[in-house]
Undergrad: 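Take a look at this one; I'll ask things after.
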Amino acid sequence: MDNQHLVPAAVLAAKNGVRFPNESEAYRSARDALLAEEIELRRHIERVARQRRALPPGGEVTKDYRFEGSDGPISFAELFADKETLIVYSYMFGPQRERPCPMCTSLLSAWDGEVPDIQQRAALAVVARSPIERLLAFKKERGWHHLPLYSDTTDDYSRDYRAIGSDGSDGAAFNVFTRRDGTIRHFWSEEMGEATADPGEDPRGAPDLMPLWTVLDATPEGRAPDWYPKLSY
């Protein structure tokens with residue numbers, strides 16, 4: 001996409017022509033101004049995605065990471081199956097936790113139905129440090145159908161790829177790896193967090209991986225700073 005030849009966002013917004021029953025001129029004017037900003041946001045998201053895709057090769061994965069899945073032991077390379085790209089989400093459900101992280105669980109519940117679609121383009125693995133039996137029991141309890149769960153039996157992967165805190169606690173992590181000509185490399189990881197958070201905002205990535213927040217951001221209440229999802233209500 002050549003940004004130099006794009007129609008200005010305000011011009012596109014003015015062409016929109018959408019009207020709703022009984023709206024005021026003030027509402028329409030403000031909504032069209034917001035629409036122009038939404039168009040710019042869409043364009044910026046695509047610019048960032050292009051910049052991400054253009055990253056130089058990341059660090060080679062040289063360790064022989066081992067996991068336990070529903071069908072038994074599996075190597076890191078085998079997680080790719082027949083794909084050239086592997087997405088790994090580190091789930092905060094280590095053996096020290098009585099129950100898994102509600103935020104991670106909310107995210108993964110939203111992803112569960114998308115797994116068959118994701119797997120058309122890339123391999124996906126959800127890794128946690130609890131024994132596989134515990135992970136599969138919660139998968140059944142939660143009613144997940146598609147999420148491929150794996151136990152990091154040695155903690156090696158979780159430690160190397162930012163899923164264990166300095167105090168040994170669980171941390172959520174989202175990593176993408178590639179396999180090209182037989183060489184596995186780290187491609188990208190979400191790195192936004194406490195150090196990059198703006199004042200008054202929760203540390204979060206952009207775009208946000210959680211559909212929950214995207215939906216709530218469209219409401220007048222927005223995402224409340226004192227509300228987070230729970231495992232049950």
Side-chain angles (χ1 to χ4, degrees), residues 48-97 100-101 104 107-108 111-112 114-136 139 146-196 203-210:
V48 171
R50 289 200 307 274
Q51 186 174 351
R52 185 183 298 114
R53 292 192 294 268
L55 285 169
E60 184 177 352
V61 178
T62 57
K63 287 187 180 179
D64 184 23
Y65 298 116
R66 293 284 168 170
F67 307 91
E68 187 81 16
S70 58
D71 296 325
I74 187 169
S75 69
F76 188 75
E78 289 172 325
L79 293 178
F80 279 82
D82 61 345
K83 297 296 188 294
E84 293 189 331
T85 299
L86 168 66
I87 301 165
V88 182
Y89 183 80
S90 294
Y91 185 22
M92 294 173 65
F93 191 10
Q96 80 280 12
R97 285 179 171 268
C101 168
C104 288
L107 168 66
L108 293 173
W111 283 11
D112 183 57
E114 298 283 357
V115 170
D117 298 313
I118 293 170
Q119 290 176 332
Q120 302 307 304
R121 301 283 297 165
L124 174 68
V126 177
V127 172
R129 295 193 294 145
S130 279
I132 187 61
E133 294 80 11
R134 193 172 188 229
L135 301 179
L136 294 177
K139 178 178 181 178
H146 304 292
L147 285 168
L149 302 181
Y150 299 94
S151 173
D152 182 359
T153 56
T154 66
D155 289 356
D156 284 347
Y157 169 83
S158 299
R159 186 173 296 106
D160 287 348
Y161 288 96
R162 302 177 63 244
I164 298 179
S166 58
D167 60 353
S169 62
D170 282 328
F174 183 80
N175 287 279
V176 181
F177 301 86
T178 60
R179 180 172 59 186
R180 305 288 190 267
D181 299 322
T183 299
I184 297 175
R185 293 183 180 276
H186 182 252
F187 169 70
W188 177 84
S189 174
E190 185 178 32
E191 296 185 12
M192 297 176 73
E194 295 285 351
T196 59
R204 60 180 187 262
D208 201 310
L209 296 174
M210 290 190 67

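The figures that follow rest on heavy atoms only: side chains count, while hydrogens, waters and symmetry mates do not. Count residues from 1 along the sequence.
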Undergrad: Is there a side-chain contact between Ser75 and Asp64, using heavy atoms and a 4.5 Å cut-off?
TA: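 Yes - at least one pair of side-chain heavy atoms lies under 4.5 Å apart.
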
Undergrad: Mind checking whether Pro73 and Arg66 have side chains closer than 4.5 Å, heavy atoms only?
TA: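 Side-chain contact under 4.5 Å: no.
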
Undergrad: Are any non-hydrogen side-chain atoms of His146 and Trp111 less than 4.5 angstrom apart?
TA: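 No. Closest side-chain heavy atoms not under 4.5 Å.
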
Undergrad: Given ring pair (Phe, Tyr, Trp, His ring centres under 6.0 Å), test Phe177 with Tyr161 step by step and report yes or no.
TA: CA-CA 11 Å; Phe177 301 86; Tyr161 288 96; 5.1 Å; yes

Undergrad: In Å and rounded to the nearest 0.5 Å, what is the CD to OG distance from Gln96 to Ser130?
TA: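 Going from CD on Gln96 over to OG on Ser130, the span is 7.5 Å.
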
Undergrad: Could you give the distance from CD (Glu78) to CG (Leu86), rounded to the nearest 0.5 Å?
TA: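 It is 12.0 Å, given to the nearest 0.5 Å.
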
Undergrad: Measuring from atom CG of Leu108 to atom CZ of Phe93, what distance do you get when rounded to the nearest 0.5 angstrom?
TA: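 Spacing of CG (Leu108) from CZ (Phe93) equals 11.5 Å.
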
Undergrad: Sort out for me which residue in Thr153, Asp160, Thr154 forms a side-chain hydrogen bond (donor to acceptor under 3.5 Å, both in side chains) with Tyr65.
TA: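 That would be Asp160.
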
Undergrad: Do Glu114 and Leu147 have side chains that approach each other closer than 4.5 Å (heavy atoms only, starting at C-beta)?
TA: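 Not touching, per the 4.5 Å side-chain cut-off.
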
Undergrad: Restricting to non-hydrogen atoms, name the atom on Arg134 and the atom on Gly94 that form the minimum distance, rounded to 0.1 Å.
TA: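 Of all heavy-atom pairs spanning Arg134 and Gly94, the closest is NH1-O, 3.2 Å.
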
Undergrad: Which label fits Phe76 and Phe67: parallel for a plane angle under 30°, tilted from 30 to 60°, or perpendicular past 60°?
TA: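 Judged by the thresholds at 30° and 60°, the geometry between Phe76 and Phe67 is tilted.
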
Undergrad: Could you check whether any side-chain heavy atom of Phe80 comes within less than 4.5 Å of a side-chain heavy atom of Ile184, counting everything from C-beta outward?
TA: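 Yes, side chains in contact.
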
